[in-house]
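As a basis for the values below, the full set of heavy atoms in this structure was taken, side chains included, without hydrogen atoms, waters or symmetry mates. All figures in this text were calculated on a predicted structure; none of them were measured in a lab. Here is the naming used below: chain letters follow the sequence lines, and residue numbers restart at 1 for every chain.
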4 protein chains.
Amino acid sequence: MSSVRPNRRREPQQDRSRRTVERIVDAAARVLERDGYRAASTNRIAAEAGVSPGSLYQYFGDRDALLEAVTARFVARFEEQLVPALRRAVREDQVAATTSVIDAVLAALEQQAPLLRALVARIPPERQAELTRAIRERVTDYVFGTLARQHVELSPDALDRLTWVVVELAQSLPLRYVVDAPPIPREAFVADVARLVLAHVAGVVADEGAIAS
Amino acid sequence: MSSVRPNRRREPQQDRSRRTVERIVDAAARVLERDGYRAASTNRIAAEAGVSPGSLYQYFGDRDALLEAVTARFVARFEEQLVPALRRAVREDQVAATTSVIDAVLAALEQQAPLLRALVARIPPERQAELTRAIRERVTDYVFGTLARQHVELSPDALDRLTWVVVELAQSLPLRYVVDAPPIPREAFVADVARLVLAHVAGVVADEGAIAS
Amino acid sequence: MSSVRPNRRREPQQDRSRRTVERIVDAAARVLERDGYRAASTNRIAAEAGVSPGSLYQYFGDRDALLEAVTARFVARFEEQLVPALRRAVREDQVAATTSVIDAVLAALEQQAPLLRALVARIPPERQAELTRAIRERVTDYVFGTLARQHVELSPDALDRLTWVVVELAQSLPLRYVVDAPPIPREAFVADVARLVLAHVAGVVADEGAIAS
Amino acid sequence: MSSVRPNRRREPQQDRSRRTVERIVDAAARVLERDGYRAASTNRIAAEAGVSPGSLYQYFGDRDALLEAVTARFVARFEEQLVPALRRAVREDQVAATTSVIDAVLAALEQQAPLLRALVARIPPERQAELTRAIRERVTDYVFGTLARQHVELSPDALDRLTWVVVELAQSLPLRYVVDAPPIPREAFVADVARLVLAHVAGVVADEGAIAS
DNA sequence: TATGAATGAGGATTCATTCAT
DNA sequence: CATGAATGAATCCTCATTCAT
């Protein structure tokens, strides 16, 4: 939260300025979606937002800070939608919960699909790391917690490994599904990934049991 | 080869030319690895290659064509290493073959890890699509062929779906493994992914069987 | 006083206004001393003064007017300190008076040395001319008056010439002494300059006498 | 000579480029003389030189490097003219030599008077220090050498002090004379300064003698 | 009056690309 | 073919100034 270079020069104090910030971030997202990263110059974004280039720098230290703000908003909205689903899933059985979570991740990505495509497909992924990190942390916490609770018999190492793979499955596959849009029905896809996860967890648990005994 | 914008103005016909092209692509790869995408300007690459900026345009229509050449060489080297492994795998049983293929993909990525990181982590992924496409095609062909042979009972749709998931598994996970370097032993990782694939194939086949009957 | 571009939009009539003007000029001087000419933007000065950029333009027509005000205050303070010394010097003999004046000029410069350095070393000297002019006029009046009284035999031309040189001596050398801080003891420096002046006056008077006879 | 930031990006290798560099520095000097420091933007100078802004940066790392080059050329030309005069002066007697040197300094300044005025009157004197330093060093060497030879009886401290004052006299006064153009005949001015110097040297020598005995 | 958000022309600088030699 | 000087549009960013509230 407190980076070295503040990504905002000044906190907006009036209503007007809060609206301006909103307009700028909106415009940046729009330009990214429509024209791509290279074309998303500060002047272009300012024009799209209907503000002067100077205004942009009133609120964002530099171009990167602005693009970070777009990513941050994407992540915020993603979490806004995902977290309640994770909470609901806690009360379900393992199979249902797994399916729910996969579905929720997919849905949360789909909700912002155009921007996601722009971010994944166009932004040089120095930025992308940040894009994924926040999401990954959220999912990792959940998955780790769940697995730890359900499989107390697993060694810490095995648990970490299992978590990593499960998170990648629950994240990389939905992300590629949304970005690449393969000709696979949504339901089938969710079921496939859920099965994948469950089968893998079962397999690892079985192996560890075998080793332990 | 004959796209709208010609990649190359003329094919190198003399040895000297071919060597010059090689030096330029080498230089580009080196600069990308060392200094990143933003710093990889044509002038810098020309300097690194020890040629004049003018010369660069003798062989590459524009900057993108050059960077495509870097990607192309990455893919070529990847295939050079992967294809023999795929051929060898054909003669192994299902479990061994799966493990071999995963291992081969991983090894082929690791061989060019620094450049891969540069390409994945720094290139605006308009290019990345191409980077992945060629690899994916190669692996898809193999996986599809293998699955089709071994599971003639599967419907074309199921086969496509299965192929897509398996390819993603065999590709996304190793790629993330190489790029993110999680604290998981290589052997364990390969075994995990292989298990994942096998379990999933078995699951889908079983389901389809159930449906079919 | 009534230049083409009015220095101030309105004369401060209330106490509060006068205090605000004071704070702004203080802030400008502080920023100049601390951060230099380039950094002394109107916004920065306004922030330092704790007023809004808009307020600044209530009192100063433009940036230059503000910087002129800083210079003017420097000169005013310089004079405040110099004039009493000049008055006192009138009652001393020639040698003592010369030394006193040199010493007074030096002291008056030293009192505001940091700001002086900022003004001399940082302000684009369109402004510098003004900085020097006021001081020079004051000293010139005094020197001219003194010399005219003591050497009625000098021709007007000789008097002008002598005055110019003496003023330069009494001003350029102390200024360079304060700005460059050479490794010369203050006392010695004052004595040197005084001797310089006296010797020169004596020399010119002697020459003129020779010519006249 | 070898500063941290190279003031030239690349040394010109062809005749054409040497001419371009020349044109750029010429243009910069012209713009400085005509329009002042503030107006001397890189784009303006490039336009005046009839080259593209890019060309300017082929030879000068940044704006300051270019302005330094202007100053450097001023100093070089100044020295070109001054050094022979200093050499000639060595063979003259003390009075003639002093007059010659003052005259030479003045002449060397006058030769580039418009640019000098621009540099002194317009450039923020961070740069000015450099302008003066080179000249001062040259003159200091000469003066120190001469005084040391002629007055072996002086203590090192006295010699340093004397040198500083004499150099300031031989430099500050001519500089102000050229910049301010006071209504004093050139001959008279040179004679005055020479007298000033000689009288001061004699005075200090006498004093030191008195102290020593 | 005071505020602070907004302005926008202008600045320094870069870099893909061209072209005379 | 190769060179490297030259190009110039475009980029990010600043800051003196204005103006609605």
Side-chain angles (χ1 to χ4, degrees), chain A residues 10 12-21 38-47 50-64 66, chain B residues 10 12-14 16-17 20 38-47 50-64 66, chain C residues 9-10 12 14 16-17 20 38-47 50-64 66, chain D residues 10 12-21 38-47 50-64 66:
Chain A
R10 60 198 313 167
Q13 294 177 354
Q14 298 180 357
D15 235 33
R16 184 161 59 128
S17 55
R18 225 166 302 134
R19 253 176 290 128
T20 302
V21 170
R38 282 200 200 175
S41 70
T42 51
N43 284 344
R44 200 141 165 25
I45 291 170
V51 304
S52 66
S55 280
L56 198 154
Y57 285 89
Q58 199 114 63
Y59 300 106
F60 300 96
D62 59 11
R63 185 185 187 249
D64 279 356
L66 171 53
Chain B
R10 67 201 315 273
Q13 288 170 348
Q14 303 177 358
R16 187 154 64 115
S17 302
T20 303
R38 283 200 193 177
S41 66
T42 51
N43 287 336
R44 201 146 170 18
I45 291 168
V51 303
S52 66
S55 281
L56 200 151
Y57 284 86
Q58 203 83 41
Y59 299 106
F60 300 95
D62 60 10
R63 185 183 191 250
D64 281 356
L66 170 53
Chain C
R9 289 193 166 165
R10 68 200 312 276
Q14 303 176 358
R16 186 154 65 115
S17 303
T20 303
R38 284 201 194 176
S41 65
T42 51
N43 286 336
R44 201 146 169 19
I45 291 169
V51 303
S52 67
S55 282
L56 199 150
Y57 284 85
Q58 204 82 42
Y59 299 106
F60 300 95
D62 60 10
R63 187 184 190 250
D64 280 356
L66 170 53
Chain D
R10 61 200 312 169
Q13 294 178 354
Q14 298 181 356
D15 236 35
R16 182 160 62 128
S17 56
R18 225 164 302 133
R19 253 176 290 128
T20 302
V21 171
R38 282 200 203 176
S41 70
T42 52
N43 286 341
R44 202 142 165 21
I45 290 170
V51 304
S52 66
S55 280
L56 199 151
Y57 285 88
Q58 198 115 61
Y59 301 106
F60 302 96
D62 59 11
R63 185 184 188 251
D64 280 356
L66 170 53

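Atom CD1 in Ile45(A) sits about 15 Å away from atom C1' in dA10(F), given to the nearest Å. Rounded to whole Å, the distance from CZ on Phe60(A) to C1' on dA6(E) is 15 Å. For the pair Arg19(A) CZ and dA20(F) C1', the interatomic distance rounds to 13 Å; values are reported in whole Å. Straight-line distance from the CZ atom of Arg16(A) to the P atom of dC19(F): 13 Å, rounded to whole Å. Residue Arg38(B) contributes atom CZ, which lies 14 Å from atom P of dT11(F) at whole-angstrom precision. What separates CZ of Arg63(A) from P of dT13(E) is a distance of 20 Å, to the nearest Å. Taking atom CG on Leu66(A) and atom P on dC12(F), their separation rounds to 10 Å, with Å as the unit. Distance CZ (Arg44(B)) to P (dT17(E)): 18 Å, rounded to an integer number of Å.
Annotated stems with DNA chain E as a participant read E:2-21 with F:2-21, given as range with range, by first number; only runs of 3 or more Watson-Crick or G-U pairs under 3.5 Å qualify.
In this structure the side chain of Val21(A) reaches within 4.5 angstrom of the side chain of Phe60(A), judged on heavy atoms. Counting heavy atoms from C-beta outward, Thr42(D) and Pro53(D) have side chains that stay 4.5 Å or more apart.
In terms of the side-chain contact (heavy atoms from CB on, under 4.5 Å) criterion, residue partners of Ala39(D) (sequence neighbours excluded) are, by chain and number, Asp35(D), Arg44(D). Here Ser41(A) pairs with nothing under the side chain to side chain donor-acceptor pair (under 3.5 Å) rule; sequence neighbours left out. Residues satisfying the side chain to side chain donor-acceptor pair (under 3.5 Å) criterion with Ser55(B), sequence neighbours excluded, are Ser52(B).
Residue-level contact check: Ser41(D) touches the backbone only, with heavy atoms under 4.0 Å from sugar-phosphate atoms and none from bases.
Taking OG1 of Thr20(D) as the reference point, atom OH of Tyr59(D) lies at 5.0 Å (rounded to 0.5 Å). Ile45(B) contributes atom CD1, which lies 7.0 Å from atom CG of Leu56(B) (distance to the nearest 0.5 angstrom).
Nearest heavy-atom pair, Arg38(D) versus Arg63(C), reported as atom, atom and distance to 0.1 Å: NH2-NH1, 4.1 Å.
For the OP1/OP2 pair of dC1(F) and a distance below 4.0 Å, the side-chain nitrogens and oxygens of Ser17(B) include at least one atom meeting the criterion. Within the 4.0 Å cut-off from OP1 or OP2 of dT13(E), at least one side-chain nitrogen or oxygen of Tyr57(D) is found.
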Kindly give the atom pairs (protein nitrogen or oxygen, nucleotide nitrogen or oxygen) under 3.5 Å for nucleotides 7-9 of chain E.
{"unit_1": "dT7(E)", "atom_1": "OP2", "unit_2": "Ser52(A)", "atom_2": "N", "d": "3.0"}
{"unit_1": "dT7(E)", "atom_1": "OP2", "unit_2": "Ser52(A)", "atom_2": "OG", "d": "3.4"}
{"unit_1": "dT7(E)", "atom_1": "OP2", "unit_2": "Ser55(A)", "atom_2": "OG", "d": "3.0"}

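Position along DNA chain F of the nearest nucleotide to Asn43(C) versus Thr20(D) favours Thr20(D) as the more 5'-ward residue.
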